[in-house]
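Only a predicted model underlies this, so the values are computations on that prediction, with no experimental measurement involved.
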Amino acid sequence: MTRFVLGRIGFYALIAVLMAFFTVPLLWLAAAPFTSDPTYEVSLPDFTLANFQAILEHPYALGSLYNSVLLAVGTAVLVVLLAALAAYALSRVRMPGRDALLYALLLLSSIITGTAAMVPLFQLAVELNLIDSQLGLILILTGGLLPAAIFMLKDFMDSTPKSYEESARVFGASPLQIVGHVVVPLVRPGLATIGVWAIANVWGNFLMPYLLLSDVEKQPGAVIMFTLYTEGGQANLPLLSTFGLLYSVPVVLMYLFVSKKYGFRFHGGIKR
């Protein structure tokens, strides 16, 4: 009995430490933007809006948030569209080595990360005249996310009963109509999951935008945040905390909306 009680106390103590580890930075992020002179300690704010005024006066801060939205949404749309078509084809077409191809794509996308491939990707962007092109960056980010997205979406496609498609085919529906009107509504939670996953990956991506976008007016928030330092190289805490809060809000709102409307699942969802 004593061992059980001590075990439960240790378990809850560990949970408390882990919760504090993740909660304290969030409390700091919520309080520091409203503090006139924030420090690295969590304290009650004096509720000033001067930091937000300074961010509004920054020449690139708000524009970088727009660039982040453009890159993230553009990449997510391409990833969801292309991954849905590829996953549907791999789910319905029987061909030798199909499963091996899927696992090879997933393995290669895990091994060859953006850091490992940045030199060839940069050379490719130079050859294709895609330096300082947001479209070029979207295409490169899409290519990096597609293998894992296809792998995850295939399970949703496998869960869709083929009888639904056969019924639509009897009534004269074309393949694209079947995908758009039958398959997509059934796998909508999977598409929402992949969309949020793609946006989150692009939203926090620093390396590729930093390498491929030299024009500061085209750079996203992840890169602009790197410039919010004083001339001596010290972190400008009022600007960093305020911009960090503004930078986090869109992702949190997106997560809450999608979670409430669709939920997050990484497997198919039709019970048969």
Other residues, nucleotides, ligands: >12 heavy atoms within 6.0 Å of Leu44 CG
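Not more than 12 within 6.0 Å, no.
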
A quick test of your reading: do over 12 heavy atoms of other residues, nucleotides or ligands sit less than 6.0 Å from CZ of Phe226?
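Open.
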
Is it the case that the side chain of [X] and the backbone of [Y] share a donor-acceptor pair, with hydrogens and angles ignored and the cut-off at 3.5 Å?
X: Asp132; Y: Asp215; answer: yes
X: Ser64; Y: Ala61; answer: yes
X: Ser91; Y: Ala87; answer: no
X: Asp155; Y: Phe151; answer: no
X: Gln134; Y: Asn67; answer: no
X: Ser133; Y: Gly136; answer: yes
X: Thr75; Y: Ala72; answer: no
X: Ser68; Y: Gly221; answer: yes

Tell me whether [X] shares a hydrophobic cluster with [Y], the cluster being built from Ile, Leu, Val, Met, Phe, Trp, Tyr side chains joined at under 4.5 Å.
X: Val119; Y: Ile140; answer: yes
X: Phe122; Y: Val202; answer: yes
X: Phe257; Y: Val77; answer: yes
X: Val179; Y: Leu78; answer: yes
X: Leu141; Y: Tyr210; answer: no

Less than 4.5 Å apart, any side-chain heavy atom of [X] and any of [Y]?
X: Leu211; Y: Met118; value: yes
X: Val69; Y: Trp203; value: yes
X: Leu237; Y: Tyr40; value: yes
X: Ile224; Y: Thr227; value: yes
X: Phe52; Y: Leu246; value: yes
X: Leu135; Y: Leu130; value: no
X: Phe34; Y: Leu49; value: yes

Can you say whether the rings of Tyr247 and Phe243 are parallel (under 30°), tilted (30 to 60°) or perpendicular (over 60°)?
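If you compare the ring of Tyr247 with that of Phe243, the planes turn out parallel.
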
[X] versus [Y], closest heavy-atom pair with distance:
X: Leu212; Y: Ala125; value: CD2-CB, 3.8 Å
X: Leu240; Y: Leu228; value: CG-O, 3.6 Å
X: Ala149; Y: Ala83; value: CB-CB, 3.8 Å
X: Ser36; Y: Asn51; value: O-OD1, 4.5 Å
X: Ser241; Y: Ala32; value: CB-CB, 3.6 Å
X: Leu29; Y: Leu245; value: CD1-N, 3.7 Å

Per the side chain to side chain contact (heavy atoms under 4.5 Å, CB included) rule, which among Leu137, Leu213, Val223 passes with Met208?
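Among Leu137, Leu213, Val223, the one meeting side chain to side chain contact (heavy atoms under 4.5 Å, CB included) with Met208 is Leu137.
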
What distance separates [X] [atom1] from [Y] [atom2], expressed to the nearest 0.5 Å?
X: Leu239; Y: Ile55; atom1: CG; atom2: CD1; answer: 4.5 Å
X: Leu145; Y: Ile199; atom1: CG; atom2: CD1; answer: 11.0 Å
X: Leu18; Y: Thr23; atom1: CG; atom2: OG1; answer: 10.0 Å
X: Ile194; Y: Leu81; atom1: CD1; atom2: CG; answer: 13.5 Å
X: Asp158; Y: Leu153; atom1: CG; atom2: CG; answer: 11.0 Å
X: Glu41; Y: Thr35; atom1: CD; atom2: OG1; answer: 11.5 Å

Going by the rule side-chain contact (heavy atoms from CB on, under 4.5 Å), which residues pair with Ala168 if we only count those two or more places apart in sequence or in a different chain?
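Checked Ala168 against side-chain contact (heavy atoms from CB on, under 4.5 Å); matches are Ala173, Ile178, Val182.
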
Would you tell me whether Glu57 and Gln53 have side-chain atoms, one donor and one acceptor, within less than 3.5 Å of each other?
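There is such a pair between these side chains.
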
Mind running side-chain contact (heavy atoms from CB on, under 4.5 Å) on Asp37 and Asp46 for me, showing each step along the way?
CA-CA 9 Å; Asp37 188 20; Asp46 51 19; over 6 Å; no

Tyr12: what forms a side chain to side chain donor-acceptor pair (under 3.5 Å) with it, not counting sequence neighbours?
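With sequence neighbours excluded, Tyr12 shows a side chain to side chain donor-acceptor pair (under 3.5 Å) to Arg8, given in chain and number order.
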
